[in-house]
Undergrad: 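Right, I'll just put the structure down here and ask away after.
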Amino acid sequence: MKPTFQGLALLAAAIGLAGTSVAQWRHFGEERKTPDTAEPATKTPLPREIVADHNAVRAGVGIQPLVWSGSLAAVAQEWANKLIANGQFVHSHNPNFGENLYEIDGGLAMPAEVVAAWAGEVKDYNYRSNTCSGVCGHYTQIVWADTKEVGCAWAQHGRRQVWVCEYNPPGNWVGRKPY
């Protein structure tokens with residue numbers, strides 16, 4: 001099934017595409033502090049929220065839904081904590097998983113905002129030629145048909161929040177279409 005830009009744009013709007021911030025997060029459904037100087041997290045989103053947001057995008061292109069993975073969430077938490085502790089915003093380059101990152105400074109992001117930012121990259125993706133006119137790798141990872149599970153986490157220090165989602169199996173293989 002080939003999506004239309006208009007259909008995907010409506011889908012992105014429906015899941016709350018608002019603003020252009022970038023963010024990452026901690027384990028869903030738990031409240032705790034990140035390293036010593038970090039502020040306590042506010043009520044954290046539940047795994048079902050981030051999975052539902054991912055699956056809304058996937059449903060828009062007619063592919064199977066993802067399931068939550070606690071083990072992937074633990075990997076994501078470890079990386080989010082490291083990024084916050086080191087003041088970095090870089091991919092882990094773990095070859096075992098796909099990875100999406102999101103960062104926001106001066107606000108708190110919610111799952112719908114994070115996933116919508118990634119899904120909004122559809123505007124730069126041309127399915128027919130399987131090319132990007134800008135950045136679209138976060139979007140294509142979300143809709144990678146072979147990916148079956150996702151785990152996400154976030155960490156915060158001061159006004160900076162970093163979100164990480166890990167995907168298994170990974171997507172974005174050169175020369176292959178996502179679905």
Side-chain angles (χ1 to χ4, degrees), residues 1-17 20-25 28 45 47-80 82-83 88-103 109 111-154 162-179:
M1 173 181 206
K2 193 164 75 172
T4 64
F5 173 75
Q6 183 179 29
L8 289 172
L10 290 173
L11 177 62
I15 62 172
L17 181 56
T20 58
S21 56
V22 187
Q24 301 172 324
W25 58 0
F28 294 99
R48 70 179 176 271
E49 294 176 55
I50 196 81
V51 171
D53 294 332
H54 275 81
N55 288 338
V57 177
R58 291 171 69 87
V61 296
I63 56 176
Q64 294 295 311
L66 297 174
V67 297
W68 180 257
S69 167
S71 61
L72 288 177
V75 171
Q77 185 65 68
E78 185 177 331
W79 190 244
K82 185 172 183 172
L83 292 174
Q88 295 177 307
F89 189 70
V90 296
H91 284 283
S92 66
H93 301 291
N94 181 335
N96 298 313
F97 309 117
E99 183 174 74
N100 280 352
L101 305 176
Y102 181 91
E103 178 181 51
E113 178 184 354
V114 173
V115 175
W118 295 329
E121 293 176 1
V122 67
K123 71 185 181 326
D124 293 330
Y125 180 65
N126 182 312
Y127 182 84
R128 185 176 310 217
S129 64
N130 195 33
T131 59
C132 293
S133 62
V135 175
C136 67
H138 302 99
Y139 165 72
T140 55
Q141 177 58 78
I142 290 173
V143 297
W144 199 266
D146 292 342
T147 299
K148 305 299 180 209
E149 56 185 1
V150 62
C152 304
W154 66 269
V162 176
W163 297 62
V164 177
C165 283
E166 301 289 342
Y167 301 87
N168 187 43
N172 290 333
W173 295 102
V174 175
R176 288 186 47 203
K177 289 185 176 182
Y179 50 88

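As the structure is a computational prediction, the values presented were derived from the model and not from experiment. FYI, side chains are in, hydrogens and waters are out, and symmetry mates aren't considered; it's all heavy atoms of this structure.
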Undergrad: Quick check: closest heavy atoms across Glu99 and Gln141, and the distance to 0.1 Å?
TA: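 Minimum heavy-atom separation between Glu99 and Gln141: N-OE1, 4.4 Å.
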
Undergrad: For Pro65, is there any backbone N or O sitting under 3.5 Å from a side-chain donor or acceptor partner on Asn55?
TA: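 Flag not set: sc Asn55 to bb Pro65 has no pair under 3.5 Å.
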
Undergrad: Thr131: which residues meet the side-chain hydrogen bond (donor to acceptor under 3.5 Å, both in side chains) condition with it, sequence neighbours left out?
TA: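 Applying side-chain hydrogen bond (donor to acceptor under 3.5 Å, both in side chains) to Thr131 gives Ser129.
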
Undergrad: At their closest point, which heavy atom of Gly134 faces which heavy atom of Asp124, and how far apart are they?
TA: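 Looking at all heavy atoms of both residues, the shortest contact is N-CB, 3.7 Å.
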
Undergrad: Please identify each residue that fulfils side-chain hydrogen bond (donor to acceptor under 3.5 Å, both in side chains) with Asn168, with sequence neighbours left out.
TA: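 If we apply the side-chain hydrogen bond (donor to acceptor under 3.5 Å, both in side chains) test to Asn168, skipping adjacent residues, the hits are Glu149.
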
Undergrad: With distance as the sole test, does Asn172 use its side chain to make a donor-acceptor pair with the main-chain N or O of Gly137 at under 3.5 Å?
TA: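 Between the backbone of Gly137 and the side chain of Asn172 there is a qualifying donor-acceptor contact (under 3.5 Å).
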
Undergrad: Enumerate the salt bridge (charged side-chain N to carboxylate O under 4.0 Å, His left out) contacts for residues 63-75, please, sequence neighbours excluded, ordered by first and then second residue.
TA: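 Applying salt bridge (charged side-chain N to carboxylate O under 4.0 Å, His left out) to every pair that reaches into residues 63-75, excluding sequence neighbours, yields nothing.
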
Undergrad: Return the minimal non-hydrogen interatomic distance between Leu101 and Val164, and the atom names on each side.
TA: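 Nearest heavy atoms, Leu101 then Val164: CD2-CG2, 3.7 Å.
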
Undergrad: How long is the gap from CG on Asp53 to CG on Leu66, to the nearest 0.5 Å?
TA: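 Result: 11.5 Å between the selected atoms.
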
Undergrad: Any idea which heavy atoms bring Gly151 and Ala76 closest together, and the distance?
TA: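 Where Gly151 meets Ala76 most closely, the heavy atoms are O-CB, 3.8 Å.
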
Undergrad: With a 3.5 Å distance limit and no angle check, can you tell me whether Thr147 reaches the backbone of Pro169 through a side-chain donor-acceptor pair?
TA: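 Between the backbone of Pro169 and the side chain of Thr147 there is a qualifying donor-acceptor contact (under 3.5 Å).
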
Undergrad: Ring-plane angle category for Tyr125 and Tyr139, please: parallel below 30°, perpendicular beyond 60°, tilted otherwise.
TA: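 Ring orientation, 0 to 90° scale: tilted.
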
Undergrad: Please name all residues satisfying ring pair (Phe, Tyr, Trp, His ring centres under 6.0 Å) with Tyr167, sequence neighbours left out, ordered by chain then number.
TA: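 Testing Tyr167 for ring pair (Phe, Tyr, Trp, His ring centres under 6.0 Å), a comparison that skips the adjacent residues, returns His54.
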
Undergrad: Under 3.5 Å, side chain of Trp68 to main-chain N/O of Cys152, donor-acceptor pair present?
TA: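 Not at all, since once roles are kept as given, no pair shorter than 3.5 Å links the two residues.
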
Undergrad: Test of understanding: with side-chain hydrogen bond (donor to acceptor under 3.5 Å, both in side chains), list the residues that count as partners of Glu166, not counting sequence neighbours.
TA: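 So Glu166 forms no side-chain hydrogen bond (donor to acceptor under 3.5 Å, both in side chains) with any residue.
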
Undergrad: Nearest 0.5 angstrom please: Glu78 CD to Ser92 OG, how far?
TA: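 OG of Ser92 is found 9.5 Å from CD of Glu78.
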
Undergrad: Can you tell me which residue pairs pass the salt bridge (charged side-chain N to carboxylate O under 4.0 Å, His left out) test with a partner in residues 133-148, sequence neighbours excluded?
TA: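 Qualifying pairs, neighbours excluded: Asp146-Arg176.
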
Undergrad: How close do Arg128 and Lys177 get, heavy atom to heavy atom, and via which atoms?
TA: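 In terms of heavy atoms, the two residues are closest at O-NZ, 3.4 Å.
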
Undergrad: Check Leu83 against Val90 and note the closest heavy-atom contact, atom names and distance.
TA: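 Heavy atoms of Leu83 and Val90 come nearest at CD2-O, 3.5 Å.
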
